[in-house]
> 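Got a structure here, written out as structure tokens. Questions coming.
Just so you know, these numbers use all the heavy atoms, side chains as well, and skip hydrogens, waters and symmetry mates.
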Amino acid sequence: KTLFETAELCILDKPALTLTVPSRMGRSDPRPCLGIALQETLQCPVYPVHRLDFEVSGLVVFAKTPETHRILNRWFEQHRVKKEYEARTAGTPPQALGLQTWTSKLVRGKKRTFEAPYGQEALTHAECLGPDEKGHLRWRLWPQTGRPHQLRVELAKREFPILGDRLYGSTEDWPPGGIALRAVALDFKDCPEATSLGLPEQLRLEGFEKLAPGKDSNLDKLVQSQLSYH
């Protein structure tokens with residue numbers, strides 16, 4: 001599903017169990033690939049700006065021109081685009097349900113990401129909203145860095161494996177398919193060329209459930225810390 005499109009870029013809602021870009025197997029990989037499908041639909045080259053794991057759903061940005069690709073890449077590298085995710089996990093609710101900040105040093109292995117002293121620093125803001133009607137914990141997550149599997153590792157590390165994520169310890173399936181992690185919002189307010197590219201200040205998808213009024217207040221608290229982190 002295309003959420004936003006101009007002559008320079010396209011933002012889509014990637015389904016779970018879909019590749020963002022081709023794997024090393026290329027077109028011989030039988031799994032569906034969003035980048036290939038988009039390129040065939042538009043009949044022009046597209047340039048991925050960032051990626052979501054095969055198992056994860058949500059917002060993905062593609063540029064249509066090399067110049068726009070360069071601009072968007074710079075925004076993400078400078079942490080100007082604020083990303084928000086929702087997750088559902090197993091586990092007992094933490095004592096503190098407010099905003100938390102998590103740091104780790106992560107290394108990407110062949111299949112899994114793991115912690116090591118020589119790893120790259122990962123920084124995540126997280127908020128647990130308590131259990132849903134099924135007893136699963138509801139999370140909102142704002143990664144400041146984009147390390148592979150960052151959110152999956154951080155939640156599993158704290159004994160909150162994402163539902164369906166058997167790679168990191170989940171023992172439950174996620175019935176919609178994939179894992180219960182969804183990229184629900186991209187905020188472009190602090191991106192200098194956003195207006196000239198026709199982008200809104202924020203693009204938001206419906207998550208696993210509609211958020212209660214007032215739940216966006218903590219996002220404003222992250223703006224300065226996101227921009228100051230390098």
Side-chain angles (χ1 to χ4, degrees), residues 1-16 18-29 31-85 106 108 113 120-125 141-151 181-206 219-220 222-230:
K1 182 179 179 181
T2 300
L3 277 300
F4 184 85
E5 184 175 5
T6 68
E8 289 81 23
L9 58 90
C10 191
I11 303 177
L12 302 97
D13 180 1
K14 184 186 88 65
T18 303
L19 296 168
T20 306
V21 297
S23 69
R24 294 178 181 178
M25 296 171 62
R27 290 182 180 268
S28 64
D29 192 325
R31 295 175 294 178
C33 176
L34 188 63
I36 291 176
L38 179 62
Q39 190 161 280
E40 291 177 348
T41 299
L42 297 177
Q43 291 294 296
C44 70
V46 295
Y47 308 87
V49 179
H50 63 123
R51 295 158 176 78
L52 294 179
D53 293 342
F54 173 70
E55 303 88 349
V56 177
S57 66
L59 291 167
V60 176
V61 183
F62 288 87
K64 294 183 181 179
T65 68
E67 174 61 19
T68 302
H69 187 237
R70 183 187 65 79
I71 292 171
L72 296 175
N73 273 343
R74 187 177 73 247
W75 293 353
F76 278 85
E77 289 169 359
Q78 295 177 348
H79 312 289
R80 291 185 174 274
V81 180
K82 290 177 282 298
K83 299 173 285 185
E84 181 182 334
Y85 290 73
L106 302 180
R108 177 65 186 269
T113 293
Q120 292 183 302
E121 187 173 8
L123 183 61
T124 304
H125 295 297
L141 304 154
W142 298 271
Q144 286 192 307
T145 51
R147 310 304 179 207
H149 295 188
Q150 178 174 326
L151 301 180
L181 181 63
R182 181 162 173 77
V184 296
L186 294 171
D187 191 298
F188 301 103
K189 286 196 293 289
D190 297 299
C191 301
E193 299 95 338
T195 301
S196 63
L197 289 177
L199 282 164
E201 287 192 349
Q202 185 183 87
L203 193 63
R204 178 175 289 276
L205 287 174
E206 185 172 323
L219 182 59
D220 296 333
L222 304 179
V223 173
Q224 293 304 318
S225 61
Q226 287 242 343
L227 291 177
S228 64
Y229 180 79
H230 292 284

> Do Thr124 and Gln150 pair up side chain to side chain, a donor and an acceptor below 3.5 Å, judged on atom types alone?
yes
> Go through the steps for Asp53 and Thr20 under the test side-chain contact (heavy atoms from CB on, under 4.5 Å), then give the verdict.
CA-CA 7 Å; Asp53 293 342; Thr20 306; over 6 Å; no
> Could you check whether any side-chain N or O of Thr113 sits under 3.5 Å from a backbone N or O of Pro148, counting only pairs where one atom can act as donor and the other as acceptor?
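Yes; judged by distance alone, with no hydrogens or angles, the pair exists.
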> Are any of the side-chain nitrogens in Arg182 or Asp13 under 4.0 Å away from the carboxylate oxygens of its partner?
yes
> Can a donor-acceptor pair be found, under 3.5 Å and without considering hydrogens, that links the side chain of His50 to the backbone of Val61?
yes
> Under 4.0 Å between a side-chain nitrogen and a carboxylate oxygen: does that hold for Arg70 and Glu67?
yes
> Atom CG in Leu106, atom OG1 in Thr145: separation rounded to 0.5 Å?
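So the gap between those two atoms works out to 7.5 Å.
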> For the pair Lys14 (side chain) and Val56 (backbone), establish whether a donor and an acceptor sit closer than 3.5 Å, ignoring hydrogens and angles.
yes
> Should Arg147 and Glu121 count as an ion pair when the cut-off is N to O under 4.0 Å?
no
> Applying ring-ring contact (aromatic ring centres under 6.0 Å, His included), can you list everything that pairs with Phe4, at least two apart in sequence or on another chain?
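Result, ring-ring contact (aromatic ring centres under 6.0 Å, His included) vs Phe4: none returned.
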> How close do Leu186 and Leu59 get, counting heavy atoms only, and between which atoms?
N-CD1, 3.8 Å
> Mark yes or no for whether Thr18, through its side chain, and Pro32, through its backbone, hold a donor-acceptor pair below 3.5 Å.
no
> Quick one: are Leu203 and Leu3 in side-chain contact, heavy atoms under 4.5 Å?
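Of all side-chain heavy-atom pairs linking Leu3 with Leu203, at least one is under 4.5 Å.
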> Without swapping roles, check the side chain of Glu84 against the backbone of Trp142 for a donor-acceptor pair under 3.5 Å.
no
> Write down the atom of Thr6, the atom of Lys64, and the distance for their closest heavy-atom approach.
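Scanning both residues completely, I find the closest heavy atoms to be O-NZ, 2.8 Å.
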> Any chance you could lay out the side-chain contact (heavy atoms from CB on, under 4.5 Å) test for Asp187 and Val81, step after step, and finish with the verdict?
CA-CA 6 Å; Asp187 191 298; Val81 180; over 6 Å; no
> Please check if the side chain of Gln43 supplies one atom and the backbone of Glu40 the other of a donor-acceptor pair under 3.5 Å.
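Looks like yes, one N/O pair under 3.5 Å.
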> Under the side chain to side chain donor-acceptor pair (under 3.5 Å) test, which residues partner His69, sequence neighbours left out?
Asn73
> To the nearest 0.5 Å, what is the distance between NZ on Lys82 and CD on Gln144?
10.0 Å
> Please assess Leu34 against Phe62 for the test side-chain contact (heavy atoms from CB on, under 4.5 Å), listing each intermediate value before the final yes or no.
CA-CA 10 Å; Leu34 188 63; Phe62 288 87; 3.9 Å; yes
